[in-house]
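This report concerns only the one structure given below.
Chain A is the first sequence line, chain B the second, and so forth, proteins listed ahead of strands; every chain is numbered from 1.
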Amino acid sequence: MAISDITEFAHLTEADVEALGEEFDQIRRDVEASRGEADAEYIRSIIRTQRRLNIAGRVALFGSPIPPLWMAGAALLGVAKILENMEIGHNVMHGQWDWMNDPEIHSATWEWDNVCPAEQWKHSHNYLHHTYTNVLGKDKDVGYEILRVTSDQKWNPVNLGQPVFNTLLMLLFQHGVAIHDLDIEGLLRRDIEDPEEFKAKLEQVGRKMRHQMGKDYILFPLLTGPFFLTTLTANMAANLIRNVWSYAIIFCGHFPDGAEVFTESQLEDETSGEWYLRQLLGSANFTGGRLMHVMSGSLGYQIEHHLFPDLPSNRYPEIAERVTAICEKYDLPYTTGSFPKQFWKSIRTIWRLALPNKKFAAEQQAHEAEGLRRENATTTPSAEAAARVAA
Amino acid sequence: MTAIGDWPLARRVRAAATRFTTPLLPDDYLTLFNPLWSVRELRGRVVSVTPEAEDAATLVVEPGWGWTFEHTAGQYIGIGVEIEGRFHWRSYSLTTPPARDGRRLVVTVRAMPEGFASRHLVHGIAPGTIVRLAPPQGEFVLPDPLPGKVLMLTAGSGITPIMAMLRTLDRRHGAGSLADVTVVHSAPDAERALFADELELLARRHPGWRVVQRHTATDGRLELAPGPREGSPRADRATGSSPRVGLDDVVPDWRERRTWACGPAAMLDDAEKLWADAGLTEALHLERFSADLSGGEAEGGTITFARSGKTVEVDGATTVLAAGEDAGIPMPFGCRMGICHTCVAPLRTGAVRDLRDGTEHRVAGEGATDSSHIAVQTCVTAAAGDCVIDL
Ligand SMILES: Cc1cc2nc3c(=O)[nH]c(=O)nc-3n(C[C@H](O)[C@H](O)[C@H](O)COP(=O)(O)OP(=O)(O)OC[C@H]3O[C@@H](n4cnc5c(N)ncnc54)[C@H](O)[C@@H]3O)c2cc1C
Ligand code: FES
């Protein structure tokens, strides 16, 4: 990566890059050396809580015709699914808890509570997205292959439908995630790269969907006997709650409005310091209390997560303190803002990118004028970095 | 002893319940109510920890659901104990006859000086603690019927599997067994001799049994190394001016006996040589408490850890596990001696060699696909040329 090409990093010397890489490495070493009983107890208690919420939700729905119980059941299940998918599933599959040497809480064995098979998620997310963060054509999170989320992507009349596609994606988010690892682009071009693999993955998705839908939309409703329909609608509501919430959290972070996108050739000979910088440049945090962070799978610490995807999520707050200190020392951007503000910006830009660039460029000016709150006040928010909220 | 998994009906109930708990297992919810109600990872509850001689303790463990195993005297189990948030696996010989106490597993652990897991088991573990278990295994067992003449040769904690055998014989034959059994057991001194009283008692109950207990601090070490008697370095190590005592002095008819030996590695190495020199290799059965990695010499080379993207250069004596750990890769491991298979990882290309017996494991062809890999135990293998491990 040619560091000097990027405005934010133009002031860094090669020695600076190496030194800050060493400082980031030191954070990793310190956290790794101090993982212990308290961390293990953290993830176990989240898992216990999640399972209890799940049971409570299912039990409440035995009274699903009674509106307060319907609502309680849907809410409990929705929250349980959010916890499972985000703070537990996403982080366990990153290997954040593999150090415990417990096969029951391990990235190799975890299967999460939504229709996306864990194995495919680990490929598209852990490998492609985290390795090729914001690399066009590699990182499928750049627009999920159906949305135009950066002005670097060519405009096409189809993009006019973006506000609609976007809403559909939000409502059916788990299904969007489920087909994430499939070669959808190839399918649209009628030129699938590896048809065998496509078929195998599709079958795997189908199996997972049958299990998930069978559980939520047939078996549990049947279990409540005469209340089949009300239980069914409550379960649909729970999945919807989870879909909308996780969409909001992830799009906040995955939406690289004006963000630096990279090409594959720029990754060649990337040093470890440069790798850290690319992750830093492509990520933005949002602020919130402890509960908010747990409910969002600690993705409010998106920067820390991208720098250290496999360190335990309960350590991100303390890591964040050290990361901001490094950013201050080397005069690097550290982007953060409140969750509603970040979310609104991402939605607005998806709508804007429905139109061709010329129109967008003018509006972006106004947009950027607002800027995002920077932890690092000394950095002048540059045009691109200002609204950079890539995951 | 039956476990839930044994009955066809229970299996069907379990399969049906899994439709409801998917993607989790019923076990994952049942353990919220009782930690032993799981057949996923075998679990046990420590019922008692009784101090035994000096710096040793006998642990009684009640296994949970899923423990359907009946052991044979002389076999060992794996115990996974959580220390500072992380599971550590070690092997321990069961000391009681099979199923004697119903569902109770009994082991005696000697706290090794600086021993990480053994010190915790002896001094740090409280009754009620939940541990993980691995099923009984091992070939170190007595045939039935017993051979005419038997010698049990033990030292230190090596008495444990022999205790299970003696107790089993005692129970099978009742008092006054006519079997011809000689036990020679060495301990540093009376304080550190395990099971001293019980051994004496057994000798009195059975006229055909002879028990020789030796205290090496005062009696000197039992000489097993063949070769010149005078000026042997081993004799000098014996404390004081105690006369050098060889196996011929203690058990003159050892050549006529089938022998079961368990103790420190050096003692077993000597025994192996002594029996081999006498052309009696067949008559000697050994149990080693630590892996013997001197069976093969690997070539060394570079190991690439594909998923971590790290490559290290190693010699032929460094295990793949140690190489990975040195490179900071979170390597799974359990017993670290080739027993538990926790450390198994896919070998993508190249070859590794098993350090126990020199067996080579090689993946044919280059650019191996997902299906053409072999699983290798990283804890007992080393690089035989360049290889790629998928971790
Ligand atoms: C078949 C069999 C039966 C046995 N039966 C008995 C028995 O009945 N009674 C008995 O007392 N012992 C028995 N042992 C020995 C027992 O399994 C342990 O080896 C012994 O208790 C010493 O363990 P330790 O952790 O205290 O020793 P350590 O020397 O601390 O550890 C042993 C191994 O674990 C590794 N290790 C230790 N700590 C760490 C760490 N923090 N991180 C990574 N690796 C680490 C070491 O590299 C070493 O290879 C048996 C062993 C075998 C193989
Ligand atoms: S760690 Fe147990 S077999 Fe390798």
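In this structure, the portion of B/S38 lying under 4.5 Å from any heavy atom of chain A is its side chain and not its backbone. With a 4.5 angstrom heavy-atom cutoff, B/I83 does not touch chain A via any of its atoms. Neither the backbone nor the side chain of A/R58 comes within contact range of chain B; no heavy atoms are under 4.5 Å apart. Residue contact with chain A, scored on non-hydrogen atoms closer than 4.5 Å, involves the side chain of B/R132 exclusively. Residue A/N54 touches chain B through its side chain alone, counting heavy-atom pairs closer than 4.5 Å. Residue A/I55 touches chain B through its side chain alone, counting heavy-atom pairs closer than 4.5 Å. There is no contact between A/W97 and chain B, counting heavy-atom distances below 4.5 Å. Using a 4.5 Å cut-off between heavy atoms, A/D113 contacts chain B through both its backbone and its side chain.
Listed options A/L223, A/D39, A/D98 were ranked by heavy-atom pairs under 4.5 angstrom with chain B; first place goes to A/L223. Residue with the most contacts toward chain B among A/E104, A/E37, A/M100: A/E104 (heavy-atom pairs, distance under 4.5 Å).
The minimum heavy-atom distance linking A/N101 with B/F87 is given by the pair ND2-O, 2.9 Å. The two residues B/T22 and A/Q212 come nearest to each other via the heavy atoms O-OE1, 4.0 Å. Residues B/R19 and A/K215 approach most closely at O-CB, 3.7 Å, considering heavy atoms. Between B/E84 and A/W99, the shortest heavy-atom distance links the atoms O-CZ3, 4.0 Å. Of all non-hydrogen atoms in B/P23 and A/E111, the two that sit nearest each other are CG-O, 3.5 Å. Residues A/A40 and B/E82 approach most closely at CB-OE2, 4.4 Å, considering heavy atoms.
Counting heavy atoms from C-beta on, the side chains of A/T109 and B/R40 come closer than 4.5 Å.
Note that CZ of B/R307 is 12.0 Å distant from OG1 of A/T131, once rounded to the nearest 0.5 Å. With rounding to the nearest 0.5 angstrom, the CG atom of B/L24 is 6.0 Å from the CH2 atom of A/W110. One distance of note links OG1 of B/T21 with NE2 of A/H211; it measures 10.5 Å at 0.5 Å rounding.
A 6.0 Å sphere centred on CD of A/E22 holds more than 12 heavy atoms belonging to other residues, nucleotides or ligands. Heavy atoms from other residues, nucleotides or ligands lying under 6.0 Å from CD of B/E325 number more than 12. Environment of CE in B/M112: sparse, with no more than 12 heavy atoms of neighbouring residues, nucleotides or ligands closer than 6.0 Å. Surrounding CZ of A/R48 are more than 12 heavy atoms belonging to other residues, nucleotides or ligands, all under 6.0 Å away.
A/D102 has no carboxylate O lying under 4.0 Å from a charged side-chain N of B/R86, or vice versa, which leaves the two without a salt bridge.
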